[in-house]
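Here's the structure, in structure tokens; my notes come after.
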Amino acid sequence: MNLDFTQFVPNIPYILQGILVTLKFVSVSAIVGFVLGTILALFKIGRVKILSWIADAYTSVFRGTPLILQLLLFYHATPQLTGYDISAFEAGVLSFGLNSAAYISEIIRAGIRAVDTGQNEAAAALGIPYRPMMKDIILPQAMKNILPALMNEFITLTKESAIVSVIGVFDIMRRSQIVAAEKFKYFEPLLIAGVIYYLLVMVLTLAGKMVERRMSRSD
């Protein structure tokens, strides 16, 4: 074994700069996924059959095909089909956001179904319309119940975000690959990237547990 981490020490700040890119990418993707996922979840439990069918079909397609395939389609096919020269960051956000929405919609749908049906009956007895009931009564309770699952989805997005390196986004993984190619050694820089991802996930996990404990105390 011929390992030498010392020669990569000057490159660590360059790799660390990818953290901001990764967090920005994951945050925007998570927002897109959460907003669209909430809409899809409401479609699934709604009374309009065509909207429920569309939401189910959407979830089936995005959960049934590889994420990297969706990423490459958005990046390479968008210019071909629309003439728009999409950036790597935009393609990544679209593919990750739309993919995440499929999973989040199921999480939210399950959270809404888990709310006691008595809440719906009480709201109906008071004459509260469907939309205000969902917005002010049902969804807040559901969100509190599904917070751990949403945090897990955010952590999953953080780990899977390394895939965007294949289309040239200068995240942690891409930067470590550039360093590896420059020095013709791959184990050390990739291991450094792995440690960075692990620490990010641990920080997010601890943050999620802190929020969960605080919300449980508020009960």
Can you list the other members of the hydrophobic cluster that holds Phe184, where links are side-chain heavy atoms under 4.5 angstrom apart?
none
Once rounded to the nearest 0.5 Å, what's the spacing between atom CZ of Phe5 and atom CG of Leu191?
4.5 Å
Mark yes or no for whether Ser60, through its side chain, and Ala57, through its backbone, hold a donor-acceptor pair below 3.5 Å.
no
Is there a path of hydrophobic side-chain contacts, each under 4.5 Å between heavy atoms of I/L/V/M/F/W/Y residues, joining Ile50 to Ile39?
yes
Running the 4.5 Å side-chain criterion over Ile, Leu, Val, Met, Phe, Trp and Tyr, what cluster does Leu69 land in, apart from itself?
Leu73
Distance (rounded to the nearest 0.5 Å) between Tyr75 OH and Ile68 CD1
13.5 Å
Would you say Tyr14 and Val179 make side-chain contact, with heavy atoms under 4.5 Å?
yes
Verify same cluster id: Tyr103, Phe43 (apolar side-chain graph, 4.5 Å):
no
Quick check: does any side chain N or O of Thr59 sit under 3.5 Å from a backbone N or O of Ala55, one acting as donor and the other as acceptor?
yes
How many angstroms lie between CZ in Phe34 and OG in Ser105, if you round to the nearest 0.5 Å?
12.0 Å
Nearest-0.5 Å distance, CD1 of residue Ile167 to CG of residue Leu72:
7.5 Å
If you compare all heavy atoms of Gly111 against all heavy atoms of Ile146, which two are closest, and at what distance to 0.1 Å?
CA-CG2, 3.5 Å
Residue pair Ala162 / Ser165: nearest heavy atoms and the distance that separates them:
O-OG, 2.8 Å
Same cluster or not: Val166 versus Ile178, using hydrophobic residues (I, L, V, M, F, W, Y) connected whenever any side-chain heavy atoms lie under 4.5 Å apart?
no
Heavy-atom check, side chain of Phe25 versus side chain of Val169, under 4.5 Å
no
Group every Ile, Leu, Val, Met, Phe, Trp and Tyr by side-chain heavy-atom contacts under 4.5 Å, then state whether Ile196 and Met173 land in the same group.
yes
Here the salt bridge (Lys or Arg N to Asp or Glu O under 4.0 Å) pairs for residues 40-59, sequence neighbours left out, are Lys44-Glu106
Contact between Met151 and Leu204 at the side-chain level, heavy atoms closer than 4.5 Å - yes or no?
yes
In this structure, CG of Leu20 is separated from CG of Asp171 (nearest 0.5 Å) by 12.0 Å
Taking distance alone, no hydrogens or angles, what donor-acceptor pairs closer than 3.5 Å link side-chain atoms of residues 86-99 to residues at least two apart or in another chain?
unit_1: Ser87; atom_1: OG; unit_2: Glu90; atom_2: N; d: 3.1
unit_1: Ser87; atom_1: OG; unit_2: Glu90; atom_2: OE1; d: 3.3
unit_1: Glu90; atom_1: OE1; unit_2: Tyr84; atom_2: OH; d: 3.0
unit_1: Glu90; atom_1: OE1; unit_2: Ser87; atom_2: N; d: 3.1
unit_1: Glu90; atom_1: OE2; unit_2: Tyr84; atom_2: OH; d: 3.1
unit_1: Ser95; atom_1: OG; unit_2: Ala91; atom_2: O; d: 3.0
unit_1: Ser95; atom_1: OG; unit_2: Gly92; atom_2: O; d: 3.1
unit_1: Asn99; atom_1: ND2; unit_2: Phe62; atom_2: O; d: 3.1
unit_1: Asn99; atom_1: ND2; unit_2: Gln70; atom_2: OE1; d: 3.1

Of all residues at least two apart in sequence or in a different chain, which pass the side-chain hydrogen bond (donor to acceptor under 3.5 Å, both in side chains) check with Ser100?
Glu153
For Gln80, enumerate each residue passing the side chain to side chain contact (heavy atoms under 4.5 Å, CB included) test, keeping only those at least two apart in sequence or located in another chain.
none
Would you list the pairs meeting salt bridge (Lys or Arg N to Asp or Glu O under 4.0 Å) in which at least one residue belongs to residues 176-204, sequence neighbours left out?
none
Shortest non-hydrogen separation from Ala101 to Leu40 and the atoms involved:
O-CD1, 4.1 Å
Measuring from Gln17:CD to Phe170:CZ, what's the distance to the nearest 0.5 Å?
11.0 Å
Going by the rule side chain to side chain contact (heavy atoms under 4.5 Å, CB included), which residues pair with Val201 if we only count those two or more places apart in sequence or in a different chain?
Ile155, Lys159, Thr205
Excluding sequence neighbours, so at least two apart, what forms side chain to side chain contact (heavy atoms under 4.5 Å, CB included) with Thr6?
Asp4
Can you list everything that forms a side chain to side chain contact (heavy atoms under 4.5 Å, CB included) with Leu23? Sequence neighbours excluded, please.
Ile19, Leu200
Does Val203 sit in a hydrophobic cluster with other residues, and if so which ones, taking ILVMFWY side chains as linked at heavy-atom separations under 4.5 Å, directly or through other members?
none
May I ask whether Val164 and Phe154 are part of the same hydrophobic cluster, defined by side-chain heavy atoms of I, L, V, M, F, W, Y residues being less than 4.5 angstrom apart, directly or through others?
yes
